[in-house]
Amino acid sequence: MANSDDLVRERRARLAAERLLKLKQDELHEANRKLSAHARTLSEEVVEKREETKVLRQETDAVRTELETARGAMMIAERRLWESVETIQDGFAVFDGSGVMVAANSAFLTPFDGLDCVAPGIAYPDLLRVAAEEGLVDTDDASREDWVEDMMWRWQSPTIPPRVVRFWNNVFVRLVDRRTEGGDTVSLALNITSTIRNEAKLKQARHKAEAANRAKSAFLANMSHEIRTPMNGVVGMAQLLADSPLDEEQRLYVETIRSSGEALLVLINDVLDYSKIEAERLTLHPEPFDLEVAVYEVVTLLRPSVGTKKLSLLVDYDTFMPTRFMGDPGRVRQILTNLVGNAVKFTETGHVMIRVSCLPDGTGGAQRVHVTVEDTGIGISEDLAEHIFGEFNQVDDDRNRRFEGTGLGLAITKRLVEMMGGQIWVDSVVGEGSSFGCYLQLELAEDADAKVPEPPGWLDRVLFLDPDADARDILRRQLAAQRVRVVVCDAAHDLAAAGPGDGDVVLLDEDVPPPGARGLAGDLRRDGFTGPIYLLSAGATQSGPGVGTEFDGTLPKPLRRLDVVRALATRGAPRPARQTTSAFGPQERRRMRVLAAEDNRTNRLVFSKLVQSADIDLRFVENGRQAVDAFIAERPDIVFMDISMPEVDGRQATQMIRAHEDGSGAAPVPVIAMTAHAMAGDEEKILACGLDRYMTKPLKKDTVLGYLEEFCPDACLSPLGEALKSAV
Ligand code: ADP
């Protein structure tokens, strides 16, 4: 029993041991399996890492190579930079944020040659001190300490201003310093010695040139007067010769002499003006003036150049625009004369229209006055539109070549316009016409708001007959602004249809087709119309007395906007004819007494020939003093006064005459200036001395006779003869 129990126990123990063994074996096996899986993972990682390491090593090698290449390139760049900096003649240096020199080229260090302390490492203040104490720089009047202090103040400014420093050896250096973003300061020392020397030379040359220019200008001004006087003889005599009996060939020669002489006078004036502008000696003399009057004066002046062309000259002065401005009237007239003169010259048929308008300029009382001169002439091609404003520039083509001119007019005009704060331009179409526009800045005159005369109370309508549609339109607008009713008619039947009656005024243009203005006026009278009839005549310079029995008066053409109202205002109630106002019949009238003061013998001869057809008593004197004596002794009806005369000149003589009239209470005698002073602006100066009108030499027969007629008193016989007068 005991043995079997032992056996059972033993067997149980063995089975337990075997189970334990089996368990341990399983655990061992599991551990082994994990170990080998880990080992496998590890080995895979090792392989991976090895691969990565290899790639990294390759990359590192590549980077190292690139780095070396970059370092090589950098060294080459740095070497090149420094070699370049070394080759430039100007100084170059870099200072760090604390003002210590980091690097400098030899040009920067050259002035400090032999001073070993001036090298990279030196502080900027020490550099300045060395420069001052060693006497390397010229400190002007400042002490060395002050100079250093001043230069340090400059160096410390947030933006360092450039500075020119003069070295002991007369070398001029311009210091230009800039701060970099990193806080360094880069200094350039530019050698400007040759520039300074050239500037000095240029300054000297300019002074010399200006002196020469002034001398040239003065010479031209004097010569102009000297040349004009004999030219007066040439042109005047040619004019007289042209009026005498001549055969065809002789007439051609004489005409050539006359027109060449006149062209030469224009040229003299242009050259003189241009040389004045060039020498900057042309100054504007602003004074109150009437712009509208100036425009019409220019038109009147240029009317003769229209000659036989079928060309109407029109003025459209903005109805609501003031007329009185501050400006240089002579120069404003010169601008207008050039533009309108060109328009007339280059236009054969159609019209030349001058439009004037203005806008406030926004600054103070200045106005922007716009002037447009529009023509229907030959036009200018677009590519030459700028060219023509240059000096001596003309359009050189077949259509243009036949016209005379200097090519200076527009250049002068452009400069004058610019002097008046304006600009000039042109729009043009070849074959259709041109429109020159400009604006000027002009202040309003103090009396700009002067009252204009009111239309008389009896006036009902103005009946206006003119074949020109533009002229009709302008007058209609202008009179409408005066609150006058206007009926515009373009043919006689329109006028008849309007039925002129009481309170109406009739204006007839001289160009109305047959039966013509005179015929129509006669018809109206026969039909019983007794109201005023005025003739609009291009030849009239201002409102004048009636011509013939049909008309009550003549009005100039183009009509000034206030002319009609003014003419009617002075006229009072309808219709006293001229003949009835005169207290003298033709038998009781005497001849007009004309006094002419002229020192030059040729000019006296020219004058006497010009007026030889006039029925007058002419007396000559040879200087201003004699003119005053003759005036007191003989009381002439008109005086023609030369301006440049010995002893007492024309201006002084006129002032003396005016003083005498004031003292004696006598009515002022008309005094007409005759002068070779044809510069723009001269007219105003001369008229300011009490003269009434102004004529430039060479004198024109028509102008002289026109003045005789204009100023003929009622008590005198008409200088042109009654027959001539009524034949207008
Ligand atoms: P000028 O008339 O004395 O030749 P300008 O300087 O006044 O000199 O004019 C220069 C040129 O411009 C003229 O020669 C002409 O060719 C051209 N020109 C000026 N105005 C006109 C115009 N209204 N129509 C056509 N051409 C013009």
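Scope of the values below: all heavy atoms of this structure, side chains included, with no hydrogens, waters or symmetry mates. Each ligand, and each atom within it, is numbered from 1 in the order the structure gives.
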Salt-bridge contact R251-E255 (side-chain N to carboxylate O under 4.0 Å)
no
Proximal ligand 1 atoms for F436, defined as those under 4.0 Å from one of its heavy atoms:
19 (C), 20 (N), 21 (C), 22 (C), 23 (N)
Just to check, does A343 reach to within less than 4.0 Å of ligand 1 when the distance is taken from its heavy atoms?
yes
Would you mind telling me if ligand 1 is within reach of the side chain of T347, the backbone, both or neither, using heavy atoms under 4.0 Å?
neither
Please classify the I380 to ligand 1 contact at 4.0 Å (heavy-atom distances, strictly less than): side chain, backbone, both or neither.
side chain
Is it the case that the side chains of S435 and D427 hold a donor-acceptor pair, with the cut-off being a distance below 3.5 Å and no angle test?
no
Going by distance only, is there an N or O of G409 that falls short of 3.5 Å from an N or O of ligand 1?
yes
When you compare the side chain of T349 with that of T376, does any pair of heavy atoms fall below 4.5 Å?
no
In terms of atom number and element, which parts of ligand 1 are under 4.0 angstrom from non-hydrogen atoms of K345?
1 (P), 2 (O), 3 (O)
Quick one: do the E292 and Y296 side chains pair a donor with an acceptor below 3.5 Å?
no
Checking the side chain of R355 only, and the main-chain atoms of V315 only, is there a donor and an acceptor separated by less than 3.5 Å?
no
